[in-house]
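Counting starts at 1 for both ligands and their atoms, in listed order.
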Amino acid sequence: MPTMQPALAVPAIPDPMDAPALRWGILGPGGIANTFASAAREGTRSSVVAVGSRSRDRASVFARRHGIARAYGSYEELVADDEVDAVYIASPHSEHHEHALLALHAGKPVLVEKAFTRNIAETEEILTTAERAGLLAAEAMWSRYLPHYDVVRRTVQDGTLGEVVRISADHGQLLWPDGPQRLADPALAGGALLDLGVYPVAFVDHVLGGLRDVRATGTLSAQGVDITVGMTARAESDVPALMSCTMAAADATAAAVIGTRARIELSSRFYEPSTTVRLIAPDGAALDEYHPDPVHGFRFQIAEIARAVSEGRGEPWSVPWEATRRVMGILDEVRRQVGVRYPGE
Ligand SMILES: NC(=O)c1ccc[n+]([C@@H]2O[C@H](COP(=O)([O-])OP(=O)(O)OC[C@H]3O[C@@H](n4cnc5c(N)ncnc54)[C@H](OP(=O)(O)O)[C@@H]3O)[C@@H](O)[C@H]2O)c1
C-alpha cells in the first residue's frame, strides 16, 4: 500500500456569511475602527449602526465614510443606544478597561481590541464584570479567529509534525520614532510589546497553549516604553518558545513550528491571511501549502462574536477567557522583567 504524504489539516472555521447578524456600535473611530467597519459591511451579515467619539465631528465624519446611521459625541450616548447589540472597543490600550466596563455596565457585550488591557488586573475586572452580568467579553486578537491559525493548530494536534521541539514567532514593524504617537506614549500604554509582541505570544498560545516561565530582555525609549523585546517561554509539553517584537525595524514577521517529522513555516505576516502556511519535510521537501483568502480578515472575528452572542456564550471558542488571561499574564511578566511601568499602575 502506498504511504500517504503528510498534509496540513483542513480548517473548521465556518463561513462568516453564515453567522447571524449583529448590530454593532464602534467606540473610538480611529485607524483600526475603519478596518472593522469595512469588514463588517462587506464580509458579514452584521452591520455597524452607531459610532461614538469624544468629538461629535469625528463621529460624524466616520459615520459618513462608512454609511453608519447614528454618530454620537460621547461614549456614554453610544452605549445607551438600544439598537446597539454589541460594542467594539477600538480606543488605545490604556483606555480599554474603562471603556469596556462602561459598555458592560450599560448591558452591552464587548469585543475589545488587543492588547486586551494594560495588565492582568484590568483584564480580571472586565471578565468578572462580564461573567456577573452574563455578557460576552472577547479579545479582538483577530488572527486567532482566522482559518489559517486553525490549520496550524489542527496540524500540530494531529501529530503530523511528530514531536514538536520548538515554536517561534517574530513581529517587527517600523513604527517608531516617527510612527503613531500612541506607540511612544507611556500614558497610552505604548511600546512594542502590547501592540506587536502580543501577536507572537498569542500565536504560541493558540497553537500549543499553556504558556509559562517567560524570560525577557529588551531596550526602552527615553520615555520608558519598550522598543525591542526578546522573549523565551515554555509552552504545553515544555516546548521552548522563542518570540520577539520591535517597533524600530521591519522584520520578516515569520513564525515556525518545528517537529521531528515535519515543520510548519509562515514566512511572512504570519498573523495575517495574506500569509502562506507551508508544511515542509526534514529534508526540505515541500509537502503541502495552505493559502488563506486574504480579503477582510476581520470578518472572522465579527462573525464568531455574532455566533457567541446569539447562543448566549460569554466567550468565543477561538479566544477563551483563559487564553486572554494567559497572554496578559505573560505580557505583565515581560514588562516587569524589561522594566516598563505605565503611569497609574
Ligand atoms: N487588530 C489590529 O490589526 C490592530 C491594528 C492597529 C491597532 N489595533 C489596536 O486598536 C486599538 C486602537 O488603535 P488605533 O491604531 O486604531 O489607534 P488610533 O488610530 O489612535 O485610534 C484610537 C481612537 O481611540 C479614541 N480615544 C479614546 N481615548 C483616547 C485617548 N486617551 N487618546 C487617544 N485616543 C483616544 C480616539 O477617538 P475619539 O477621540 O474620536 O473618540 C482615537 O481615534 C489599540 O488597542 C491597538 O492595539 C489593532
*Asks:* Tell me whether A90 reaches ligand 1 (any heavy atom closer than 4.0 angstrom to a ligand atom).
*Replies:* yes
*Asks:* Would you indicate whether the side-chain heavy atoms of I264 and L8 approach each other to under 4.5 Å?
*Replies:* yes
*Asks:* Between E345 and R335, is there a side-chain N and carboxylate O pair less than 4.0 Å apart?
*Replies:* yes
*Asks:* Tell me whether R144 is salt-bridged to D205, with the criterion being a basic N under 4.0 Å from an acidic carboxylate O.
*Replies:* yes
*Asks:* State, yes or no, whether a side-chain contact exists between M231 and L193 at a heavy-atom distance under 4.5 Å.
*Replies:* yes
*Asks:* Could you find the nearest protein heavy atom to atom 14 (P) of ligand 1 and give me its residue, atom name and distance?
*Replies:* R182 NE, 3.7 Å
*Asks:* Can you tell me if E131 has over 12 outside heavy atoms packed within less than 6.0 Å of its CD?
*Replies:* no
*Asks:* Starting from atom 38 (P) of ligand 1, what is the nearest protein heavy atom, named by residue and atom, and what distance separates them?
*Replies:* S53 OG, 3.4 Å
*Asks:* Take every heavy atom of H96, measure it against each atom of ligand 1, and state whether any distance is under 4.0 Å.
*Replies:* yes
*Asks:* At a 4.0 Å threshold, what atoms of ligand 1 neighbour a non-hydrogen atom of G31?
*Replies:* 16 (O), 18 (P), 19 (O), 21 (O)
*Asks:* Do me a favour and list the nearest non-hydrogen protein atom to atom 37 (O) of ligand 1 with residue, atom name and distance?
*Replies:* P29 CD, 3.6 Å
*Asks:* Where's the contact between I32 and ligand 1, heavy-atom distance under 4.0 Å: side chain, backbone, both or neither?
*Replies:* both
*Asks:* Mark up the atoms of ligand 1 that fall under 4.0 Å of a heavy atom belonging to S91, in ascending order.
*Replies:* 11 (C), 12 (C), 24 (O), 27 (C), 44 (C), 45 (O)
*Asks:* Do R41 and H66 have side-chain heavy atoms sitting under 4.5 Å apart?
*Replies:* yes
*Asks:* So which protein heavy atom does atom 43 (O) of ligand 1 come closest to, and at what separation?
*Replies:* G30 CA, 3.2 Å
*Asks:* Where is the nearest protein heavy atom to atom 36 (C) of ligand 1: which residue, which atom, and how far?
*Replies:* R54 NH2, 4.0 Å
*Asks:* More than 12 heavy atoms of other residues, nucleotides or ligands under 6.0 Å from CZ of R212: is that the case?
*Replies:* yes
*Asks:* Nearest protein heavy atom to atom 27 (C) of ligand 1, by residue and atom, and its distance?
*Replies:* Y75 OH, 3.1 Å
